[in-house]
Structures are given as structure tokens and as C-alpha cells.
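The chain is numbered in sequence order, starting from 1. What you are looking at is a predicted structure, and each value in this text was computed from that prediction instead of being measured.
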Amino acid sequence: IFLMQKTFIGTGAGNRGYLSQKKLITAVQAIFYSGIAWIFLNFIASVLGMFGRLIDCTWTEPWRLGFISWMSVESKAEMWVLIIVMWIGFLAFDLVNIAVTVNYTTQCQLVIVLVRGLTEKVRDKTIPLETAMKQIFDTGKAIDALNEQMAIAVSVMEFNFASHSILCLHSFFVLQSGFGLLSNTNAEVLFVLSAILDFIMWTAIALFPIIQAARVTNACQSQIKTALEIRTDRKSG
């Protein structure tokens with residue numbers, strides 16, 4: 001909350017570039033809606049895979065639907081209850097993943113705007129150097145908090161995202177090599193679509209935090225470069 005308040009105070013409705021409050025709001029909204037779209041598309045991928053299994057087998061074979069083999073299912077109603085419970089579990093898992101990812105990428109975006117905006121103010125000489133030094137110190141504390149709290153959690157989750165992406169890619173190649181072996185072609189098409197969509201979704205969620213972290217690093221390097229230029233100019237002057 002403190003980081004968001006500080007970033008919005010540093011921007012303005014009439015400013016341009018990184019100091020534009022409208023651009024900041026648009027960027028934060030884009031991250032939020034991208035998270036919602038990811039949850040929806042990932043859920044669609046799981047539904048496609050499940051319907052592929054339903055087409056390819058009967059309801060009396062729960063192990064082929066992803067359930068353990070000793071489950072006894074006496075009716076279609078029981079099977080659908082198990083499927084719905086499984087979908088709820090998938091949705092809860094996806095919500096946790098996207099909540100952490102959106103939170104991290106949003107904080108990265110706020111840090112980027114804060115650093116870039118401060119760099120523009122210093123470069124344009126619209127802020128005293130004493131005030132700029134204080135704001136740089138506050139920005140450093142925000143980056144330290146980001147690295148200590150969120151970055152560790154996201155780093156651990158990156159292994160999970162990468163493993164899902166690799167498994168989906170492996171499933172796609174297995175399905176492609178064995179296309180035509182199942183009893184129902186529609187089921188095979190659903191399996192392939194599910195694998196492709198899953199791969200895209202898990203790869204995207206794995207790349208977003210990495211890209212944002214790289215942008216934060218680039219913004220900080222740009223600020224350091226500007227500070228060195230100002231120091232050189234002051235010495236030469």
C-alpha cells in the first residue's frame with residue numbers, strides 16, 4: 001500500500017511518459033485483467049482435457065479420468081461430483097498461483113514507474129538533488145522489501161510453472177506421435193488442444209515475473225547511469 005501511494009503521488013494526471021498517472025493505471029489494470037484471463041483460459045484447458053477423457057472412456061473407468069484405481073463409482077452422478085471437486089481444486093490452485101504472480105508483477109511495475117519517474121525528474125532538473133537522494137533511499141527500501149518478501153515466493157513458484165510447462169510440451173509431443181491410436185478422434189483433438197493451451201498458459205505465467213524483474217533491473221541501471229552523468233557534469237563544471 002505504501003509503495004502504491006508513493007508511486008501515485010509521484011505521478012500526475014497532466015504528466016507524460018513514466019510520470020503519467022493514466023499510463024500507470026492502465027498498466028496495473030492490464031496486469032489484473034491478464035490474471036483473470038489466465039485463470040479462465042487455464043480452466044478451459046482443464047475442461048478440454050477432461051471432456052477428452054470422458055469421450056474416450058466410460059464413466060465406469062474412473063482411473064482413466066485421472067482418479068485413483070481403487071475408487072468405486074456406482075453412478076454418473078458420483079462421477080460428476082468427483083469431477084466438480086477436482087475442478088474446484090484446480091481453480092483454487094490456479095488462484096493461489098495467479099494471486100502471487102499478479103501481486104509481484106504489480107509491485108514490479110510500481111517500482112519501475114517510481115524509478116523511471118525519479119530519473120526523468122533528476123534529468124530534467126525539476127527536483128532538488130537533496131529531495132532526489134531521499135526518494136532514491138525510499139525506492140531502495142521498496143526494492144529490498146520486494147526482493148526479500150515476494151521474490152523468494154515467486155522464485156519457488158517458478159519451478160512449479162516451469163515443470164508444468166515442460167510436462168505440457170511433453171504431452172503434446174506424445175499425443176502428436178500417437179495421433180490416431182485412440183478409439184475416438186474427437187478425444188484426440190481435445191487432448192491436443194488442451195496440451196497446447198496448457199503449455200501457452202504455464203509458459204506465460206512463468207515468463208511474466210522474469211520479464212518484470214528484468215525491467216526493474218534495467219530501470220535501476222538507467223538511474224545509476226543518470227547519477228554518474230550528473231556527477232561527471234558537476235565535476236567538469
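- For the atom pair CD1 of Ile98 and CD1 of Ile31, the computed distance is 11.0 Å after rounding to the nearest 0.5 Å.
- The side-chain hydrogen bond (donor to acceptor under 3.5 Å, both in side chains) analysis of residues 191-211, with sequence neighbours excluded, yields the pairs Ser165-Thr203.
- Residue Ile211 is found in a hydrophobic cluster whose other members, listed by chain and number, are Leu207; membership requires side-chain heavy atoms under 4.5 Å apart, directly or through intermediates.
- What you find for Cys220 and Ile143 is that their closest heavy atoms are SG-CD1, 3.5 Å.
- Scored by the side-chain contact (heavy atoms from CB on, under 4.5 Å) test, Leu169 finds Phe173, Phe199 as partners (sequence neighbours excluded).
- Residues Leu41 and Leu197 share a closest heavy-atom pair of O-CD2, 3.4 Å.
- Residues passing the side chain to side chain donor-acceptor pair (under 3.5 Å) test with Asn218, sequence neighbours excluded: Arg116.
- Under the side chain to side chain donor-acceptor pair (under 3.5 Å) criterion, Gln212 pairs with Gln109, Arg215, sequence neighbours left out.
- Considering every non-hydrogen atom in both Pro209 and Ala206, the closest pair reads CD-O, 3.6 Å.
- Legend: residues meeting side-chain contact (heavy atoms from CB on, under 4.5 Å) with Ile166, ordered by chain and number and at least two apart, are absent.
- Leu167 and Val192 are not part of a single hydrophobic cluster, where members link through side-chain heavy atoms under 4.5 Å apart.
- Lys141 pairs by the side-chain contact (heavy atoms from CB on, under 4.5 Å) definition with Phe137, Asp138, not counting sequence neighbours.
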Show me, pair by pair, the donor-acceptor contacts under 3.5 angstrom made by side chains of residues 150-161, not counting sequence neighbours?
unit_1, atom_1, unit_2, atom_2, d
Ser155, OG, Ala151, O, 2.7
Asn160, OD1, His164, ND1, 3.0

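- When Ile200, Thr105, Val100, Thr101 are each tested for a side-chain contact (heavy atoms from CB on, under 4.5 Å) with Ile205, only one passes: Thr101.
- Sorted by first and then second residue, the side-chain hydrogen bond (donor to acceptor under 3.5 Å, both in side chains) pairs with a member in residues 86-96 read Asn42-Asp94; sequence neighbours excluded.
- Cluster membership check: Phe208 does not share its hydrophobic cluster with Ile210, using side-chain heavy-atom separations under 4.5 Å among Ile, Leu, Val, Met, Phe, Trp and Tyr.
- Side-chain atoms of Val28 and Leu24, non-hydrogen and from C-beta on, do get closer than 4.5 Å to each other.
- Hydrophobic cluster of Phe32: the remaining members, joined at side-chain heavy-atom separations below 4.5 Å, are Tyr33, Ile36, listed by chain and number.
- With sequence neighbours excluded, the residues satisfying side-chain contact (heavy atoms from CB on, under 4.5 Å) with Leu193 are Leu48, Val189.
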